[in-house]
Amino acid sequence: MATVHKETERTYAGALDHPLSAERLPQVAGMRTGGTERLDAVYFDTPDLRLLRRGVTLRRRTGGHDEGWHLKTPGEDGSRNESRLPLADGAAGHLPPELLARTALDTRGRPVAPVVHLRTRRDLTLLVDEGGNTLAELARDTVSARVLGGAPPSPGPAVAPDAVDWVETEVELVDGGTGLLDAVEAEFHRRGLERAAQQSKLGHALAGRLPDGADVGGADDGGWTRPAASGRAARPPRSGSVGEALTGYLRDQAAALRTLDPAVRLDEPDSVHRMRVHVRRLRSALAAHRRILDRTATDPLDHELRWFGKVLGRARDAEVIAGRLGAQAEDLPPEGHPAETAARIRTWSGARYREAHHAAVRAMDGRRYFALLDAVERLAERPPLKGRATRGRAEARRMLDRQRGRAARRLDQALDMAPGPQRDGRLHRARKAAKRARYAAESVTPFAGRPADRLRKRAKGIQQPLGAHQDGVMGERALAGIADAGPPDDRSAFGLGILHARQRADAARQVKAAAKARKRLAG
């Protein structure tokens, strides 16, 4: 797994004729040489430079104290997040699979190839405090770049050079604060040194090959270009309106999906579950706020979110079964052979999880998934708000009342039925309605104040016991499948039977808890 660290740096065109003085720099007691490094790096990108245009750089560096594979991505606060892997994790022309997974959302499945070879002589100066601690590194870089075959040709009539040399200065924080960066920049300005037009060496080397108007981002602007809004007219949210609250919520969910994409691909713990939750939050927001949204735009997106939620759901269900039934098996009495039973459950569930996760990643490599994320980002950038979206808290509270009533009706219908498969289905529908009410309340918290927070908590009080009930229903089905898949004389067969009988042991208690929470929902 890659090690990740945060870097905050700025790049300036050219270099100073004379060294900086510590006198004008806060907390800096002196300067000391950091030596000279000779760096050799090959940068990778798609043929249309998708990574560069989103402020992402991917390179293989030899030489220097940080040789290895490096992936730099834009941070939200103007910093850069850098993931590092050792050289051994990938050959010279073959990228480490982990870095391919971390860039898949930006490359959109397009091939990645070497685009630039950079050789750099780096002369380092360390800015230190009174204790000798390094506050920042100042690097004078003499760069020689050669464009490789994977780079695009010049887009215009002017021919971009295949080789270019330049000198630049980088200042990177170590233990210092951004105030030090500002002070260094002020000194640079005083002496005629300005920020570089391109904040990355790759951007400098390929500047003549970018499409006109392309924004390659940098260390201070967040790095990636937001997708353009759709051609359909959309109202900007009015300050203090329910539309503004919803827009902020949608942007949070879109950002979460983007963040979780590589985590799901790399099968990080709980990543499938978390991504599925954000898909559900988006769907709940679109459904709950349908009166203030143009449904001709949002209904097709809801359909695609539903598809992707099901894709993730198959893997998540296998996770739940392994966790719930595996833990229960370990508590079986000796005659139930707990170790063998738990192992059989986890082997069965593990195989299904791997198959479902592989299918999910395969779907995430497809055009349908990428189109879905593009649509989510467009929605978050400019939701298709209707006139009602300009209203304030009263509109949000009316929405909350509708969601409260919907959840209550569905649960009442289920509670009126006799136990059995039909009521199980109704209880599951009631659970989903409670979950929608909970997420709808989240979408306007704290905008709508205490009513939203109260509904969020009370809907969760219904959702959780009904979730445990549904887990029992799923557990029964899974145990039947596990038993059918193994030999009848297996030592775990009796333990599976005990577990099957236990799945509904507390069903009445869970339903009773949901009914009790239903009473509080109306208050």
Less than 4.5 Å apart, side chain to side chain, heavy atoms only: is that true for [X] and [Y]?
X: Glu244; Y: Phe447; answer: no
X: Arg281; Y: Val277; answer: yes
X: Leu266; Y: Arg102; answer: yes
X: Phe308; Y: Val311; answer: yes
X: Thr298; Y: Asp294; answer: no
X: Leu52; Y: Ser200; answer: yes
X: Val56; Y: Lys72; answer: no
X: Leu51; Y: Thr57; answer: no

Are side-chain N/O atoms of [X] and [Y] paired as donor and acceptor at under 3.5 Å?
X: Gln463; Y: Arg431; answer: no
X: His70; Y: Ser83; answer: no
X: Arg362; Y: His358; answer: yes

Strictly distance-based, threshold 3.5 Å: is any side-chain N or O of [X] a donor or acceptor partner for the main-chain N or O of [Y]?
X: Gln199; Y: Thr11; result: yes
X: Arg60; Y: Gly68; result: no
X: Thr178; Y: Leu181; result: no
X: Arg290; Y: Ala287; result: yes
X: Gln503; Y: Leu499; result: yes
X: Thr347; Y: Arg344; result: no
X: His289; Y: Ala396; result: no
X: Arg426; Y: Asp416; result: no
X: Arg265; Y: Met364; result: yes
X: Ser241; Y: Thr390; result: no

> Looking at Trp307, does the NZ or CZ of Arg368 lie under 6.0 angstrom from its six-membered ring centre and within 45 degrees of the ring axis?
Replying inline: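 Yes, Arg368 lies over the aromatic ring of Trp307.
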
Take atom [atom1] in [X]; do more than 12 heavy atoms of anything else shown fall under 6.0 Å from it?
X: Gln413; atom1: CD; result: yes
X: Glu355; atom1: CD; result: no
X: Arg238; atom1: CZ; result: yes

>> Assess the residue pair Asp106 and Arg258 against the criterion (salt bridge (charged side-chain N to carboxylate O under 4.0 Å, His left out)); give the C-alpha distance rounded to whole Å, side-chain angles, the decisive distance to 0.1 Å, and a yes or no.
In response: CA-CA 10 Å; Asp106 293 309; Arg258 182 176 177 84; 2.5 Å; yes

Salt-bridge present ([X], [Y]; N to O < 4.0 Å):
X: Arg50; Y: Asp45; value: no
X: Asp331; Y: Arg502; value: no
X: Glu330; Y: Arg346; value: yes
X: Arg110; Y: Asp48; value: yes
X: Glu82; Y: Arg84; value: yes
X: Glu395; Y: Arg291; value: no
X: Lys457; Y: Asp453; value: yes

> Taking it one step at a time, do Glu381 and Arg378 satisfy salt bridge (charged side-chain N to carboxylate O under 4.0 Å, His left out)?
Replying inline: CA-CA 5 Å; Glu381 179 64 17; Arg378 287 194 298 270; over 6 Å; no

>> The test is ring pair (Phe, Tyr, Trp, His ring centres under 6.0 Å); show your working for Trp69 and Phe44 and say whether it passes.
In response: CA-CA 11 Å; Trp69 293 93; Phe44 295 77; 5.7 Å; yes

> What is the distance from atom CZ of Arg54 to atom OG1 of Thr107, rounded to the nearest 0.5 Å?
Replying inline: 10.5 Å

>> Nearest 0.5 Å, please: how far is CD1 in Ile345 from CD1 in Ile321?
In response: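 The CD1 atom of Ile321 sits 10.0 Å away from the CD1 atom of Ile345.
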
>> Let's go through Asp401 and Arg404 carefully: what are the C-alpha distance in whole Å and the side-chain angles of both, what is the deciding distance for salt bridge (charged side-chain N to carboxylate O under 4.0 Å, His left out) to 0.1 Å, and is it a yes or a no?
In response: CA-CA 5 Å; Asp401 287 340; Arg404 179 188 295 107; 2.6 Å; yes

>> Run Asp182 and Arg10 through salt bridge (charged side-chain N to carboxylate O under 4.0 Å, His left out) and show every step you take.
In response: CA-CA 10 Å; Asp182 293 338; Arg10 297 176 188 174; 2.9 Å; yes

>> Out of the candidates Asp374, Asp261, Asp365, only one should pair with Arg108 under the salt bridge (Lys or Arg N to Asp or Glu O under 4.0 Å) rule; please name it.
In response: Asp374

